[in-house]
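In the text below, chain A, chain B and the rest are named by the order of the sequence lines, each starting its count at 1. Note: hydrogens, waters and symmetry copies are ignored here, and every other heavy atom, side chains too, is used.
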2 protein chains.
Amino acid sequence: MPEPLSGDLPAYQEIADRLRARIVGGALGAGARLPSEQELRTLYGSSRETVRKALAILKAEGLVVSQHGRGVFVQRRGRVRRSAADRYVRSAWHAGISAGQADLGDRGPELRADMVRVETLEADAATAGRVDLPAGSRVVRRERRYLQGDRPLQLAVSFLPADIAGGTRAAEPDSGPGGSWARLEEAGWRFTVVREEVESRIPTFDEATLLHMSPGSPLLVVHRIATGERLGETRVLDYSAISLPAELHVLVYESAVR
Amino acid sequence: MPEPLSGDLPAYQEIADRLRARIVGGALGAGARLPSEQELRTLYGSSRETVRKALAILKAEGLVVSQHGRGVFVQRRGRVRRSAADRYVRSAWHAGISAGQADLGDRGPELRADMVRVETLEADAATAGRVDLPAGSRVVRRERRYLQGDRPLQLAVSFLPADIAGGTRAAEPDSGPGGSWARLEEAGWRFTVVREEVESRIPTFDEATLLHMSPGSPLLVVHRIATGERLGETRVLDYSAISLPAELHVLVYESAVR
DNA sequence: AAGTGGTCTAGACCACTCG
DNA sequence: GAGTGGTCTAGACCACTTT
């Protein structure tokens, strides 16, 4: 049963619109496989490149993702609200919930980390600047991926000054309950202010692979600089670069009017 | 002088990499025209579709934008830092700088608005919910575009409760020095808290056109809800949806650790 | 072996801009 | 009219997954 196109819009645009309607309308739910390119060709009477261009739009929107040799699949939809006000609550991470998860609320329990990798190295100039240290300073680098079920939710790379975190459990793969921030507070540091810098761009090949994203689908990147103090000394305690599939997140911030 | 490709990567990826290197290296500055598709074909010995696919990558990255019949042009680069802490300072907008510009600092003077459009209408359910009113409530809708030189920097659509803003200069195209927020404060309202919800997606056709973006290049969208009070009454005074080309902005927020 | 998506080619016609 | 990018076709070969 071929579906003729109206011709008011470019064919690839019309095909994308119709497929999108089937996805957001629920006819094609999360995990469902779209008709193959060959099937879409006969369905819409178009060439393969036209069909592929329609699919490219849906991929850029984050609605679908293709798997070589298997097909094109509908992605999970719906944005998770991540509120800074809920994230930086000392009592939460002292109760065993790390700062990276405290804002996830009820969804927290399903979240798990994998690919945890920790090392101590000399920071390049850009990274050292973020932690307010001279280039070449030693830092603890913590890298991990968070998944919800089998869907990757975020990548995070953190840098902590080695003179502060080195030798503590914050420099081990399992930083313990409440995460590395809880360990630093146990060592007498007190987190005071967190600055977050939000940008958006399309992912690198590696990021797209790790997050199960299409290459053209946008990413939210948060550069988080956490400052703390101990015995009158103020230091940057943590710089983290956090990468999130844009389709899955909304970041919430509150500011007082001064 | 053809430039042979190595073959380690897909041809379109290699071509994109080489063109990107010429742009970020400064050989092709902002406003410069790239070689035409025909010239790139002979330069790299590839077919037209391959060359176009390479250009599509650079478009999605926001590095270039194409103009039908004219060519492909390098976009202005560099992100503007927009800090919430600088934006919501009462003294700034009472000094004549509106909340939408107070964080732009020295760059403010060059900024100008165009396509200003103001109307009063009944809010749909979603918009009414944002301003904490029942569906169908009357609201003042302010729409405008901000440009820096000839480059559009942002789109903004604001909704203010008509029972508050109606009849004041906040409901006129030129809301006066300091913008509509200054007018509401003159009417006795005092802004207290601003919540911002940040998301990212690819633009609609209209958004891409108004912002001079490529269709696949990501957009940052800020939903801003400003709350205020007067005589003990607390109200949402302004809901704005602000659209920014991602390539041009980084949003900065600070949070206290509690 | 069959089916899927990924890459690439050669060619066509169209819409837009500029001299 | 010449040059540019936008759309579309038909066909080919490859890499990957599944049966």
By side-chain hydrogen bond (donor to acceptor under 3.5 Å, both in side chains) - contacts of [X] (at least two apart):
| X | answer |
| --- | --- |
| A:T127 | A:D124 |
| A:T204 | A:E207 |
| A:R70 | A:Q67 |
| A:S66 | A:K59 |

May I have the list of side-chain donor-acceptor pairs in residues 31-39 of chain A shorter than 3.5 Å, sequence neighbours left out?
residue, atom, partner, partner atom, Å
A:S36, OG, A:E39, N, 3.2
A:S36, OG, A:E39, OE1, 3.4
A:E37, OE1, A:R48, NE, 2.7
A:E37, OE1, A:R48, NH2, 2.9
A:E37, OE2, A:R52, NH1, 2.8
A:E39, OE1, A:S36, N, 2.7

| said: Expected output is a numbered-order residue list: members of residues 53-67 of chain B with a heavy atom under 4.0 Å from any atom of DNA chain D. What is it? | reply: B:K59, B:S66, B:Q67
Suppose we screen for salt bridge (Lys or Arg N to Asp or Glu O under 4.0 Å). Which residues come up paired with [X], at least two apart in sequence or across chains?
| X | answer |
| --- | --- |
| B:R224 | B:D238 |
| A:R141 | A:E119, A:E143 |
| A:D174 | A:R169 |

| task | Just jot down the side-chain contact (heavy atoms from CB on, under 4.5 Å) partners of B:E247, sequence neighbours excluded, or say none. | result |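 In terms of side-chain contact (heavy atoms from CB on, under 4.5 Å), with neighbours along the sequence ignored, B:E247 is linked to B:L63, B:R77.
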| How would you give the extent of chain B contacts on DNA chain D, as first and last nucleotide 5' to 3' within a 4.0 Å heavy-atom cut-off? | D:dG3 to D:dC8
| Under a 3.5 Å cutoff on both atom distances, Watson-Crick or G-U, what's the dot-bracket for DNA chain D ([ ] crossing, | other strand)? | ||||||||||||||||||.
| field | Residue whose closest nucleotide on DNA chain C lies nearer the 5' end, B:T50 versus A:H68 | value | A:H68
| query | In terms of side-chain geometry, is the basic nitrogen of A:R79 or B:E197 positioned less than 4.0 Å from the acidic oxygen of its partner? | reply |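 Looking at B:E197 together with A:R79, the answer is no, because their closest N to O distance does not fall below 4.0 Å.
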